[in-house]
Chemist: 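Take this structure, written in structure tokens, and hold onto it; I'll ask about it next.
When a ligand or atom number is given, it counts from 1 through the structure's own listing order.
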Amino acid sequence: MSEPRWDPAELEARFAQVRAHTEALAKPLSPEDQTVQTMPDVSPTKWHRAHVTWFFETFLLAEVEPGFAPFQDQYWFLFNSYYEAVGPRYTRAERGAITRPGAHDVGLYRQNVDARVRDLISTLDDGTLDKLGSTIELGFHHEQQHQELLLMDIKHVLSVNPLRPVYAGSPSPRSEPDQMGWIDVEGGLVEVGHEGSGFSFDNELPRHRTWLEPYRIADRLVTNGEWMEFMADGGYQRHELWLSDGWAKVTGEQWRSPFYWRDDDGVWSEHTLHGTHPVDPGLPVTHVSHYEADAYATWRGMRLPTEPEWEHAVVADGTPPAADGAPSLHATAAGPATGHLRQVHGDAWQWTSSAYLPYPGFSAPDGAIGEYNGKFMSGQMVLRGGSALTPPGHARHTYRNFFPAGARWPMTGVRLADGGVRA
Ligand SMILES: [Fe+2]
């Protein structure tokens with residue numbers, strides 16, 4: 001007889017850990033901090049705390065809890081993000097207009113659902129657990145995704161405040177950048193995509209073969225100092241470096257530096273969760289769009305890696321899994337060369353030149369949960385790696401993050417590639 005796939009005690013422990021981490025991230029924030037929405041892409045902190053709770057209530061409790069009733073009827077409307085199959089929902093761009101429930105009331109909602117989920121997990125029979133275990137696990141990873149969004153979003157909220165508030169911590173000491181090194185990769189017929197019995201999102205499947213011409217990939221991310229050279233050479237003024245849609249952004253929105261940089265009387269400073277500080281040339285450049293990453297690569301006479309190139313290089317180089325420690329909140333310096341890839345998971349998501357498309361043979365699951373990833377496979381670019389905002393243990397070598405090419409508020413950076421065949 002085979003071992004049951006899910007251990008209730010382990011699921012309860014992971015549930016407690018994930019839920020507690022969200023609350024720890026919100027702890028430095030006042031109820032007012034948690035209410036503001038500074039642009040349509042940003043959601044208020046309390047909305048994230050409530051929405052991830054709604055996810056467990058909708059996809060777990062409503063399915064199997066005896067005598068289920070929602071904690072509050074209207075919460076179903078307020079905290080549904082994008083699930084058409086679940087019903088109508090409140091306008092995303094106006095989440096910041098909602099003052100009630102307040103941050104304290106959202107805490108009560110969380111406590112209620114926490115207790116009910118714990119009760120449910122401890123009383124489910126093996127058959128039901130077998131059916132629902134993967135939904136519970138998806139709820140953990142979903143909440144972790146929102147933990148990163150919570151930090152991305154509060155970073156923007158604090159950035160518009162002229163008091164330049166600090167979320168937490170302090171910047172790392174300045175460090176001297178070393179030369180960018182290169183890893184040569186043979187390519188050939190390779191396999192990419194998730195394998196094994198561990199968790200993955202549906203978009204990492206199925207594992208499949210693909211052909212790669214020989215290429216090389218940078219051993220670290222592009223630094224702020226290197227980005228300043230691009231700026232000094234007219235990078236934001238030279239149309240020939242830019243994709244057409246990117247140039248429209250540069251001219252239409254007056255881009256002239258990375259998103260969180262500002263010119264303080266001739267000195268560039270950068271807003272971070274640690275506060276606003278002079279730009280450190282040794283740190284990776286962050287908060288640049290795909291358009292900017294592509295223009296920078298073009299300026300260097302290089303290109304961005306494709307997503308299979310990125311994944312194959314990371315696996316072939318023997319990169320260890322993402323670290324389990326607390327996120328550092330801002331990208332750190334690469335440190336001395338090691339002969340291996342550096343800054344893979346913990347600093348900044350790396351733009352690839354690959355559009356976010358289904359893998360060959362992909363099919364979304366049935367029902368509302370099938371809306372999780374598949375319906376977004378249009379008009380977005382893939383990012384790989386992980387960032388200084390990614391929660392512990394969340395990133396994977398096969399993880400496919402995605403954002404529109406103009407997005408600048410995620411913690412994004414640039415890893416260059418060269419050689420091979422441009423996709
Ligand atoms: Fe969500």
Side-chain angles (χ1 to χ4, degrees), residues 14-15 18-23 25-26 34 37 39-63 70-72 74-96 98 101 103 106 109-110 113-114 117 132 134-157 199-204 349 356 364-365 367-378 380 383 386-387 389-391 393-396 399-404 407 409-411:
R14 287 179 63 194
F15 181 71
V18 170
R19 299 286 285 169
H21 189 64
T22 303
E23 292 302 83
L25 294 177
Q34 294 194 37
Q37 178 174 29
M39 65 173 180
D41 283 331
V42 162
S43 295
T45 303
K46 71 172 185 183
W47 185 89
H48 286 298
R49 293 171 58 218
H51 163 70
V52 291
T53 307
W54 168 91
F55 191 95
F56 283 110
E57 191 182 31
T58 302
F59 294 116
L60 183 63
L61 296 182
E63 291 293 316
F71 178 72
Q72 290 279 344
Q74 286 297 317
Y75 285 14
W76 283 62
F77 175 72
L78 280 178
F79 300 128
N80 178 3
S81 52
Y82 55 65
Y83 294 89
E84 302 284 351
V86 176
R89 62 210 163 275
Y90 186 74
T91 309
R92 175 177 181 171
E94 294 172 12
R95 288 172 186 164
I98 301 298
V106 168
Y109 178 38
R110 288 182 63 90
V113 169
D114 281 352
V117 170
L132 287 175
S134 56
T135 302
I136 298 170
E137 189 176 45
L138 180 63
F140 300 157
H141 292 266
H142 172 253
E143 184 144 349
Q144 288 182 320
Q145 288 185 308
H146 279 275
Q147 289 166 358
E148 176 150 5
L149 287 164
L150 185 159
L151 291 173
M152 283 161 53
D153 291 356
I154 200 64
K155 183 169 183 174
H156 190 263
V157 167
F199 176 84
S200 78
F201 288 113
D202 55 7
N203 61 9
E204 296 165 59
W349 291 97
Y356 179 50
I369 216 75
E371 296 184 44
Y372 198 104
N373 278 312
K375 72 180 187 180
F376 298 109
M377 291 172 174
S378 168
Q380 317 224 38
L383 301 101
S387 87
L389 309 182
T390 308
H394 182 66
R396 283 178 296 285
Y399 198 109
R400 306 178 77 200
N401 199 355
F402 54 90
F403 280 102
W409 102 111
M411 178 72 93

Chemist: Within the side chain of R95, is there an N or O that forms a donor-acceptor pair under 3.5 Å with the backbone of W47?
Modeler: no

Chemist: Describe, in one word, how the ring planes of F201 and Y372 are oriented to each other, choosing from parallel (under 30°), tilted (30 to 60°) and perpendicular (over 60°).
Modeler: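 If you compare the ring of F201 with that of Y372, the planes turn out parallel.
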
Chemist: E148 side chain to Q145 main-chain N or O, any donor-acceptor pair under 3.5 Å?
Modeler: no

Chemist: At less than 2.8 Å, how many protein N/O/S atoms surround the Fe ion (ligand 1)? Leave waters out.
Modeler: 3

Chemist: Is there a donor-acceptor pair closer than 3.5 Å between any side-chain N or O of E371 and the backbone N or O of E84?
Modeler: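 Flag set: sc E371 to bb E84 pair under 3.5 Å.
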
Chemist: Relative to the ring of F59, is the ring of Y83 parallel (under 30°), tilted (30 to 60°) or perpendicular (over 60°)?
Modeler: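 Answer is perpendicular, since the angle exceeds 60°.
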
Chemist: Over 60° means perpendicular and under 30° means parallel, so tell me whether Y75 and F71 are parallel, tilted or perpendicular.
Modeler: tilted

